[in-house]
Student: 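Have a look at the structure that comes next, please.
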Protein chains: 2
Amino acid sequence: ASKFKQLSPAEFFYNNRSMAGFDNASRAAYTVVRELIENSLDACDVYGIPPVLYISIKTLLGDDMEILVADNGIGVPRRHMADAFGRVFFGSKYYVKQNRGTFGLGGKMAILYGQLTTGEPVDVRTSVGKDIAHMLLNIDVSENEPVIVRREDERNPGSFHGTSIRLRFKGDMVSARSRILKYLRMSRIALPYSTIVYSDPEGFFFFAPALTEQQPKPPKEAPPHPYGVDIVKIKEMIESSKRGTPLNKFLMKFSRVGVDTSQKFAEYLGLDPSLQVKRLGEPEIKRIAEGFRSYRFLPPDGSSLSPLGPETIRTGLQAEYSPEYIVVETRPPSAYEGFAFVIEAAIAYGGSIPPATGQDEARLLRFANKIPLIYDSSNDVAMKVILEDVDWRNYSLDPKNDPLIFLTHVVASKVPFKTAGKEYVADREEVRREIRLAFRECARQLKVYLSRKTYQLHEHQR
Amino acid sequence: ASKFKQLSPAEFFYNNRSMAGFDNASRAAYTVVRELIENSLDACDVYGIPPVLYISIKTLLGDDMEILVADNGIGVPRRHMADAFGRVFFGSKYYVKQNRGTFGLGGKMAILYGQLTTGEPVDVRTSVGKDIAHMLLNIDVSENEPVIVRREDERNPGSFHGTSIRLRFKGDMVSARSRILKYLRMSRIALPYSTIVYSDPEGFFFFAPALTEQQPKPPKEAPPHPYGVDIVKIKEMIESSKRGTPLNKFLMKFSRVGVDTSQKFAEYLGLDPSLQVKRLGEPEIKRIAEGFRSYRFLPPDGSSLSPLGPETIRTGLQAEYSPEYIVVETRPPSAYEGFAFVIEAAIAYGGSIPPATGQDEARLLRFANKIPLIYDSSNDVAMKVILEDVDWRNYSLDPKNDPLIFLTHVVASKVPFKTAGKEYVADREEVRREIRLAFRECARQLKVYLSRKTYQLHEHQR
Ligand SMILES: Nc1ncnc2c1ncn2[C@@H]1O[C@H](COP(=O)(O)OP(=O)(O)OP(=O)(O)O)[C@@H](O)[C@H]1O
Ligand SMILES: Nc1ncnc2c1ncn2[C@@H]1O[C@H](COP(=O)(O)OP(=O)(O)OP(=O)(O)O)[C@@H](O)[C@H]1O
Ligand SMILES: [Mg+2]
Ligand SMILES: [Mg+2]
């Protein structure tokens with residue numbers, strides 16, 4: 001007879017921690033560091049606070065490490081603190097807004113990994129500006145709840161706001177270190193406005209903003225765009241609408257659907273705009289979902305998103321590679337499943353960039369919502385575009401042999417990550433198409449530059 | 001202010017369906033078919049029932065497809081039926097036993113995908129041999145519960161046992177078809193004892209067992225092996241032990257730990273074997289976890305696992321490729337995180353196998369618990385072993401140019417999949433090491449064969 005059971009979310013990811021980036025001791029160490037840094041960055045720049053982060057990793061006796069990550073972010077309200085750090089699928093980033101975090105999982109996985117390798121509880125201090133809440137906690141895996149081992153409040157005379165988290169874990173820092181440093185170097189491109197101090201048993205890494213650096217506008221919460229919104233989501237939105245809401249009012253909950261558009265769209269569907277949405281039947285709801293795919297709505301409004309911008313990308317690539325030439329392309333906003341997204345792409349050529357050795361796939365720097373992606377590049381949708389979708393010979397370019405560095409940044413109110421460890425972006429049609437168009441435009445501009453340069457060289461030689 | 005929220009497991013995978021293999025319309029169609037087939041196969045061969053499966057995919061009006069999968073498996077008990085098909089993280093495969101299923105998610109994702117693309121409920125009939133339970137159901141995503149749209153019982157005069165599931169969905173079957181057929185062809189290697197009838201809008205695929213085919217022994221539930229069991233799992237096992245359980249009795253819950261070994265291990269830890277486990281403190285529990293990594297226990301007992309066996313692998317490779325020579329290696333059982341596993345590996349050479357074209361990574365057929373893995377091979381731990389861990393020149397072999405086909409089968413009470421869509425196996429140290437040893441042995445045997453063949457050729461030419 002089969003034994004049926006209900007698993008808790010914590011138990012699922014405890015059982016399947018490879019999915020969340022804890023495949024082995026080296027990748028686990030990297031993921032612990034990444035998840036804590038991204039939580040701190042979200043607590044800052046998503047709220048318009050210039051980030052200041054301190055990260056220190058020490059070796060303790062035996063092979064335990066201790067990581068401390070401290071930030072000047074908005075902090076966690078005391079009533080949510082234990083759940084924020086101790087309950088899987090609990091978080092503040094489930095709204096339609098650009099964040100690094102998206103799953104309500106990462107911080108908990110780091111804490112759980114520390115707990116399963118050392119038995120030690122995590123030590124968290126956080127404040128929104130009032131008293132500092134200080135807790136030691138563990139995660140009860142089968143119940144998916146925090147277990148508060150100790151709690152105390154501390155005075156906060158300076159009204160400091162921010163969070164500091166201290167975690168013990170066992171991991172292979174020696175082999176993770178080069179990737180952590182690569183993550184930090186790539187972060188210099190993505191975060192010219194932040195201060196990050198990192199120290200580990202082998203040394204230091206530090207960067208701080210230029211005095212002229214402008215804090216980018218924080219992302220805003222955005223209503224879903226109609227394109228790609230499916231039947232399940234439509235029904236959920238109908239469920240949460242007030243009783244008596246007419247169809248035209250309901251349609252105006254979507255991004256870029258105003259009075260006119262909602263009227264026209266209702267006519268397009270052959271539905272009366274004054275129909276109460278809570279009274280719509282299955283066939284009408286289906287018709288709306290199909291209309292959401294076929295009707296030409298105004299494109300999404302990119303103002304809710306916070307891209308890097310061409311200036312930042314150029315500055316970063318220049319500093320890192322001293323190329324001879326850089327092309328940057330920012331696509332207009334697009335959408336999938338109702339989520340707005342923007343693709344930024346760049347190609348850097350020549351200068352101090354060495355020729356590719358012919359065996360690399362292509363040298364590609366990948367970012368998603370400002371997170372540097374380092375693992376599993378061959379599966380990333382951007383690499384598939386470079387290797388399969390663009391015929392580089394049309395532009396006299398060879399990604400595997402020329403001195404080229406490629407860069408992509410997927411900016412979205414929800415990035416379609418393929419793994420819970422955020423290793424790479426899934427092969428989503430709408431995203432792949434936008435990356436393809438961006439790289440073709442970059443390639444075209446680079447070809448123009450190179451042929452002009454060749455022409456000038458010939459002119460010069462006469 | 002941040003808006004905190006608790007997400008249901010269904011909501012998490014609805015939001016992040018790329019992780020579960022629903023990246024785009026083509027992959028989604030493949031995953032629907034795969035998840036339903038694997039549920040049917042588990043319901044049969046894990047219970048010693050020779051599988052008979054019928055799979056039919058029809059196009060309906062518009063671009064809806066309808067899939068029907070019917071099996072002669074053990075069926076689902078009526079009291080669990082709605083949850084089995086309607087509640088994420090509910091399933092019967094969470095025990096330490098080899099199954100294709102492992103997450104309590106796949107069937108629900110297929111059903112949810114049908115629901116979000118067509119709005120239609122799934123239609124399931126199942127029986128354990130008594131009345132046939134028949135339900136139409138949807139999934140309430142925010143609550144993670146089934147919504148039974150209609151239910152009725154039907155007479156079962158023949159005491160039939162089995163399940164049939166009918167699902168409507170939109171997907172790109174045209175582009176998924178070749179991969180589904182590849183999955184079925186690879187299944188012929190893994191399932192010589194089963195009958196599978198498949199029909200889709202383009203045609204048929206059918207295989208049936210040879211009359212002499214022996215049903216392999218079904219896998220057995222196994223206690224965890226101590227190697228790699230961590231602090232969290234030890235505490236859970238202590239929690240579920242009876243009050244007053246002494247340490248030596250507790251240790252004997254682990255695979256291959258008998259009276260002698262538990263005594264010796266307790267002494268190795270410097271702990272009194274009669275200590276009550278529920279009274280052990282943090283330091284003692286830590287010491288046990290560390291001992292579980294360092295002490296030389298007897299290796300896992302492979303009898304709970306159900307591998308393919310060298311005969312089956314040879315027969316399958318011979319039928320598919322008509323090679324000149326096949327080497328098969330089965331590693332002795334090993335363990336990670338307490339889970340026993342066995343690696344089967346094979347290399348087929350020459351005959352009708354064409355030379356590799358120099359641009360493929362390596363032609364590798366991958367199986368995990370008899371599931372054919374088709375996507376994302378470059379990230380799979382087995383591909384990493386072939387491309388990074390084995391120096392093929394030592395064996396005068398070139399995977400990228402010679403007429404070689406590689407095969408791996410990871411057989412485990414829990415396969416460390418990297419994705420919820422089971423696309424590839426994670427880079428787990430213990431698994432990587434075993435695959436490496438298996439392929440080195442295969443390479444060594446193939447080299448012996450080829451040098452003997454060369455020698456005989458020279459002898460002949462004199
Ligand atoms: N340093 C921090 N400062 C402020 N809030 C934090 C901090 N770290 C965690 N949090 C809060 O705890 C919540 C849970 O964090 P966790 O990393 O588990 O999930 P997430 O960041 O929402 O998503 P993801 O799993 O994608 O990282 C966050 O949503 C945030 O509200
Ligand atoms: N055809 C079937 N015959 C018998 N039982 C079934 C069948 N399909 C599903 N079930 C039952 O429903 C449960 C849930 O199936 P589901 O596919 O969601 O998860 P799983 O198979 O346990 O794990 P995974 O997510 O890895 O596939 C199974 O554990 C099994 O008990
Ligand atoms: Mg996070
Ligand atoms: Mg299943």
Side-chain angles (χ1 to χ4, degrees), chain A residues 1-9 11-12 14-16 18-19 23-25 27 74 76-77 80 83-84 87 89-95 102-105 112 115-119 141-142 230-233 236 239 282 285-286 289 376 378-379 414 416-420 426-429 432, chain B residues 1-9 11-12 14-16 18-19 23-25 27 74 76-77 80 83-84 87 89-95 102-104 112 115-119 141-142 230-233 235-236 239 282 285-286 289 376 378-379 414 416-420 426-429 432:
Chain A
S2 358
K3 299 184 263 180
F4 285 85
K5 185 177 157 181
Q6 177 76 42
L7 221 64
S8 86
E11 222 169 347
F12 176 81
Y14 166 74
N15 289 347
N16 300 295
S18 307
M19 286 189 194
D23 312 36
N24 50 55
R27 204 179 283 218
I74 53 152
V76 185
H80 292 309
D83 286 340
R87 195 187 289 272
F89 292 162
F90 185 85
S92 62
K93 304 171 194 172
Y94 289 130
Y95 295 86
T102 172
F103 301 141
L105 174 70
L112 186 53
Q115 188 176 319
L116 69 92
T117 53
T118 67
V141 168
S142 41
D230 60 62
I231 294 167
V232 167
K233 187 164 258 144
E236 281 183 3
E239 184 93 356
E282 281 290 330
I285 292 177
K286 261 195 202 173
D376 302 335
S378 49
N379 275 16
K414 183 167 83 66
F417 287 112
K418 181 62 183 171
T419 54
D427 187 2
R428 185 74 216 185
E429 301 100 321
R432 184 162 180 164
Chain B
S2 356
K3 297 184 266 180
F4 286 84
K5 185 177 157 182
Q6 177 76 43
L7 221 64
S8 87
E11 221 167 349
F12 177 81
Y14 166 74
N15 288 348
N16 299 295
S18 307
M19 288 190 191
D23 314 36
N24 51 56
R27 204 178 282 217
I74 52 151
V76 185
H80 292 308
D83 287 341
R87 196 186 290 272
F89 294 162
F90 185 85
S92 62
K93 305 172 194 171
Y94 289 129
Y95 295 86
T102 172
F103 301 141
L112 186 52
Q115 188 175 320
L116 70 91
T117 53
T118 68
V141 167
S142 42
D230 59 61
I231 295 167
V232 168
K233 186 166 260 144
K235 284 183 179 178
E236 281 182 2
E239 184 94 353
E282 281 291 328
I285 292 177
K286 262 195 202 174
D376 302 336
S378 47
N379 274 16
K414 182 165 84 69
F417 288 111
K418 180 64 182 170
T419 53
D427 187 2
R428 186 72 218 187
E429 300 101 319
R432 186 163 179 161

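Below, read A as the first sequence line, B as the second, and so on, with proteins coming before strands; counting in each chain starts at 1.
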Student: Centre of Y95(A)'s six-membered ring, under 6.0 Å away, within 45 degrees of the axis: is that where NZ or CZ of K3(B) sits?
Tutor: yes
Student: Are the side chain of Q6(A) and the backbone of R87(B) linked by a donor-acceptor contact shorter than 3.5 Å?
Tutor: no
Student: Among the options R432(B), E429(B), E11(B), pick out the one with the most heavy-atom pairs lying under 4.5 Å from chain A.
Tutor: E429(B)
Student: Measure distances from E282(B) to the heavy atoms of chain A and classify the residue's part below 4.5 Å as side chain, backbone, both or neither.
Tutor: side chain
Student: Apply side-chain contact (heavy atoms from CB on, under 4.5 Å) to V232(A) and Q115(B), showing your working.
Tutor: CA-CA 7 Å; V232(A) 167; Q115(B) 188 175 320; 4.1 Å; yes
Student: For N15(A), does its backbone N or O pair with a side-chain atom of K414(B) as donor and acceptor, under 3.5 Å?
Tutor: yes
Student: Do V76(A) and F4(B) have side chains that get closer than 4.5 Å, going by heavy atoms?
Tutor: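 Yes - at least one pair of side-chain heavy atoms lies under 4.5 Å apart.
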Student: Per the side chain to side chain donor-acceptor pair (under 3.5 Å) rule, which among N16(A), N379(A), D23(A), D376(A) passes with K418(B)?
Tutor: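 When side chain to side chain donor-acceptor pair (under 3.5 Å) is applied between K418(B) and each of N16(A), N379(A), D23(A), D376(A), only D23(A) qualifies.
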Student: Distance to the ring centre below 6.0 angstrom and angle to the axis at most 45 degrees; does that hold for K5(B) and F90(A)?
Tutor: no
Student: Once you round to the nearest 0.5 Å, how far does OG1 of T117(A) lie from CD1 of I231(B)?
Tutor: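 Answer rounded to 0.5 Å: 7.0 Å.
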Student: Using a cut-off of under 4.5 Å for heavy-atom pairs, which of S378(B), G91(B), A426(B), P416(B) has the most such pairs with chain A?
Tutor: G91(B)
Student: What part of K233(A) gets closer than 4.5 Å to chain B, counting heavy atoms only: side chain, backbone, both or neither?
Tutor: both
Student: Relative to chain A, which segment of R27(B) carries a heavy atom at a distance below 4.5 Å: side chain, backbone, both, or neither?
Tutor: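 Contact with chain A is through the side chain of R27(B) alone.
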Student: If you count heavy-atom pairs under 4.5 Å between each of S92(B), G119(B), A289(B) and chain A, which one has the most?
Tutor: S92(B)
Student: Test your reading of the model: is there a side-chain donor-acceptor pair from K286(B) to the backbone of T118(A), 3.5 Å cut-off?
Tutor: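 Judged by distance alone, yes, a pair lies under 3.5 Å.
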Student: When only pairs under 4.5 Å are counted, which of I285(A), L116(A), N24(A), L105(A) shares the most heavy-atom pairs with chain B?
Tutor: L116(A)
Student: Do E236(A) and V141(B) have side-chain heavy atoms sitting under 4.5 Å apart?
Tutor: yes
Student: Evaluate the ring planes of F12(A) and F89(B), with Trp represented by its six-membered ring, and classify them as parallel (under 30°), tilted (30 to 60°) or perpendicular (over 60°).
Tutor: parallel
Student: Would the number of heavy atoms belonging to other residues, nucleotides or ligands and lying under 6.0 Å from CD of E239(A) be above 12?
Tutor: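 Open.
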